[in-house]
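In the text below, chain A, chain B and the rest are named by the order of the sequence lines, each starting its count at 1. These figures come from a predicted structure and were not determined experimentally.
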Amino acid sequence: MLQVPFIRENKDLVISRMEKRNIDATSMINDVIALDEDRKRIQTELDNTLAESNAISKEIGNLYKTGQAQKANVLKEKTSQLKETSKELNDTLNSTVESLTQLLYKIPNVPNETVPKGSTEDDNEEIFKEGDIPVLHDGALPHWELAKKYDIIDFELGNKITGAGFPVYKGKGARLQRALIAYFLDKNTAAGYTEYQLPLLVNEASGFGTGQLPDKEGQMYHVGEDNLYLIPTAEVPGTNIFRDTIVDESELPIGITGYTPCFRREAGSYGAHVRGLNRLHQFDKVEILRVEHPSQSYKALDGMVEHVKGILQELKLPYRILRLCGGDLGFTSALTFDFELFSTAQDRWLEISSVSNFETFQANRLKLRFKNAEGKNELAHTLNGSSLALPRVLAGILENYQTEDGIVIPEVLQPYTGFKIID
RNA sequence: GGAGAAAUGGCAGAGUGGUCGAAUGCGGCAGUCUUGAAAACUGUUGAGGGUCACACCUCCGGGGGUUCGAAUCCCUCUUUCUCCGCCA
């Protein structure tokens with residue numbers, strides 16, 4: 001959620017940057033400013049009424065103490081009018097604040113100046129590409145065929161137990177998945193991130209804090225009985241660690257990492273592109289999150305990109321990095337880099353990581369602040385990224401590392417799997 | 001799930017109708033002293049709105065009510081603790 005003072009002081013900038021998202025924000029921004037002025041005006045009026053009424057109450061107290069009950073009773077009559085006025089003003093204030101808040105919920109984050117204007121993923125800007133695309137032997141298979149051939153992932157079994165999008169990993173498939181999780185966590189902790197194990201169900205306030213609620217609740221599975229949501233990403237419980245907190249400037253930067261399953265309803269996405277591991281309702285992911293001083297957050301974002309690059313280099317997988325265009329940029333993000341892995345057997349790029357700087361957009365909802373050098377409380381910046389999302393990395397390994405003798409395990413993973421080939 | 005108790009500032013903990021945004025202790029910060037540190041002493045130390053700055057307003061788990069006036073009384077929700085039940 002954007003800060004009203006920021007909107008007020010940077011009106012033209014906000015409107016022009018929103019054009020990158022193909023949004024004409026003019027009327028929304030004007031409404032925000034107008035509503036905020038209303039709010040201030042009503043608030044002041046209410047404050048004055050309350051001040052008067054407080055003063056009278058104090059006087060009544062004194063009169064009673066000095067035995068002047070008659071005079072006190074006269075004053076009491078006066079307050080009933082004030083009470084009525086303040087009640088009305090309070091109602092007006094509440095509805096104004098509510099309108100303002102509802103409007104602010106609808107306004108996405110201001111894109112960074114480097115975000116290209118664009119409407120679809122075709123307008124994303126490729127900024128880096130690395131890794132050799134392997135030449136596969138004749139009869140190379142897509143990962144869902146490989147999964148069946150080597151009996152390491154059973155999609156039909158998942159259908160039976162739960163439904164589509166809940167695969168069952170078996171034997172070396174399960175072990176490879178566990179190896180990847182351990183490997184990612186080790187890489188992240190070696191880079192200074194503190195490992196966390198987080199709740200997989202979150203309450204409304206948490207969903208609100210990171211921006212999933214109120215508008216995107218259809219993406220999450222909801223447990224109605226207890227009004228809890230299954231997490232779509234570790235970003236939600238991980239970032240909400242810091243909800244309603246004021247950290248000391250010396251504690252920054254904060255880096256945490258965590259492995260969690262992720263649950264996404266993915267309503268409405270069906271078709272050829274969701275075959276196999278490409279799009280699931282339940283998948284595993286290792287996430288990295290940072291809380292940064294505003295002056296350091298873009299440097300930190302670059303650092304996260306470099307970190308993820310390092311992992312993909314070690315895995316020797318072909319990948320590219322995209323700078324997302326305004327149209328593809330998430331609601332809460334100011335700048336996002338997507339990592340895509342080339343799936344050789346499918347001949348297409350698969351998104352495996354998304355690294356974003358949210359600036360103060362989440363912090364404002366979370367009330368995540370730090371005490372700055374002047375002793376003032378200031379909103380911190382939050383960032384996060386996948387490091388990495390499991391299924392598509394697994395798909396990429398299966399497809400890119402397949403040989404006629406079986407699937408070779410990348411060298412860095414062998415200490416984790418305990419085997420060198422799936423055959 | 002049943003019965004009871006509780007929720008106050010970073011922490012501990014007073015406060016049961018008016019001058020309480022809140023005693024006191026610890027912690028934090030600044031200063032005095034010291035070569036430096038510790039100790040001791042002195043001062044300072046919640047958040048938000050509002051203002052050029054003051055004033056002023058709101059907040060004692062959340063919401064509602066009683067009252068001229070609520071941290072304090074009533075209702076309700078949530079959470080925590082204790083006992084019982086169940087249980088990985």
Side-chain angles (χ1 to χ4, degrees), chain A residues 1-9 32-101 103-104 197 199-209 213-214 222-229 237 240-252 254 261 291 360 362-380:
Chain A
M1 176 159 76
L2 296 177
Q3 298 165 85
V4 177
F6 176 83
I7 292 177
R8 204 190 309 124
E9 285 155 32
V32 166
I33 293 169
L35 278 168
D36 189 51
E37 275 164 11
D38 285 351
R39 196 212 93 229
K40 271 196 211 175
R41 202 195 65 240
I42 299 161
Q43 176 80 251
T44 305
E45 220 175 312
L46 174 62
D47 285 356
N48 291 339
T49 312
L50 289 173
E52 198 179 334
S53 143
N54 285 345
I56 293 176
S57 290
K58 220 171 251 184
E59 210 178 328
I60 291 174
N62 287 330
L63 288 173
Y64 273 124
K65 232 171 258 174
T66 53
Q68 305 180 69
Q70 290 289 333
K71 281 187 180 175
N73 287 331
V74 174
L75 283 179
K76 273 193 197 179
E77 310 232 332
K78 241 175 115 180
T79 56
S80 69
Q81 178 62 43
L82 287 171
K83 225 175 153 182
E84 219 168 282
T85 312
S86 65
K87 185 157 176 59
E88 278 168 27
L89 285 169
N90 197 38
D91 290 348
T92 318
L93 180 67
N94 285 341
S95 71
T96 306
V97 168
E98 179 62 16
S99 308
L100 179 58
T101 310
L103 184 55
L104 286 169
Q197 282 198 13
L200 307 181
L201 287 157
V202 294
N203 58 28
E204 266 186 320
S206 291
F208 170 81
L213 297 176
H222 182 223
V223 183
E225 186 82 10
D226 298 292
N227 197 25
L228 296 172
Y229 295 86
N240 274 282
I241 292 171
F242 303 102
R243 175 152 46 86
D244 292 319
T245 57
I246 301 174
V247 299
D248 198 84
E249 189 168 355
S250 64
E251 293 171 56
L252 300 177
I254 296 167
V291 179
T360 59
Q362 289 182 329
N364 191 29
R365 291 176 161 230
L366 294 161
K367 301 278 170 283
L368 161 54
R369 292 157 293 174
F370 69 96
K371 208 169 268 300
N372 67 21
E374 292 86 55
K376 296 237 174 174
N377 294 327
E378 187 179 337
L379 293 175

Rounding to an integer number of Å, can you tell me how far [X] [atom1] sits from [N] [atom2]?
X      : N     : atom1 : atom2 : answer
A:I56  : B:G18 : CD1   : C1'   : 15 Å
A:E204 : B:U78 : CD    : C1'   : 13 Å
A:F370 : B:G10 : CZ    : P     : 18 Å
A:E251 : B:G28 : CD    : P     : 14 Å
A:N90  : B:G65 : CG    : C1'   : 15 Å
A:D244 : B:G9  : CG    : P     : 13 Å
A:N62  : B:G18 : CG    : P     : 13 Å

So, taking the atom named [atom1] in [X] and the one named [atom2] in [Y], what distance separates them when rounded to the nearest 0.5 Å?
X      : Y      : atom1 : atom2 : value
A:E37  : A:L35  : CD    : CG    : 10.0 Å
A:D91  : A:S86  : CG    : OG    : 9.5 Å
A:L228 : A:H222 : CG    : NE2   : 7.0 Å
A:L368 : A:I254 : CG    : CD1   : 7.5 Å
A:I56  : A:T79  : CD1   : OG1   : 6.5 Å
A:Q3   : A:N364 : CD    : CG    : 4.5 Å

For [N] versus [M], give the span between their [atom1] atoms, rounded off to a whole number of Å.
N     : M     : atom1 : result
B:U76 : B:G4  : P     : 13 Å
B:A22 : B:G13 : C1'   : 12 Å
B:G64 : B:A70 : C1'   : 14 Å
B:C84 : B:U16 : C1'   : 32 Å
B:U58 : B:G50 : C1'   : 11 Å
B:A39 : B:G31 : C1'   : 16 Å
B:C26 : B:G9  : C1'   : 13 Å
B:U79 : B:G28 : P     : 35 Å

At less than 4.0 Å, is any side-chain N or O atom of A:K58 found next to OP1 or OP2 of B:C68? Yes or no.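 No.
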Dot-bracket pairing map - RNA chain B, Watson-Crick plus G-U, both contacts under 3.5 Å, | cross-strand: ((((((((.[[[..)..(.....]]]((((((.......))))))((((......)))).[[[[[..)....]]]]])))))))....
Please list, one pair per line, the donor and acceptor atoms closer than 3.5 Å that link side chains of residues 42-52 of chain A to other protein atoms, with sequence neighbours excluded.
| from | atom 1 | to | atom 2 | distance (Å) |
| --- | --- | --- | --- | --- |
| A:T44 | OG1 | A:K40 | O | 2.8 |
| A:N48 | ND2 | A:T44 | O | 3.3 |
| A:T49 | OG1 | A:E45 | O | 2.9 |

Treat primed atoms plus P, OP1 and OP2 as sugar-phosphate and everything else as base, then score nucleotides 44-62 of chain B 5' to 3': B for base contact with protein heavy atoms under 4.0 Å, S for sugar-phosphate contact only, - for none. ---SSBS-----SSS----
Using side chain to side chain donor-acceptor pair (under 3.5 Å), reason through A:N203 and A:S206 one step at a time and then give a plain yes or no. CA-CA 6 Å; A:N203 58 28; A:S206 291; 3.2 Å; yes
Residue pair A:P261 / A:L200: nearest heavy atoms and the distance that separates them: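 Looks like CD-CD2, 3.7 Å.
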Looking at A:R39 and A:L93, what are the two nearest heavy atoms and their distance?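 Minimum heavy-atom separation between A:R39 and A:L93: O-CD1, 3.7 Å.
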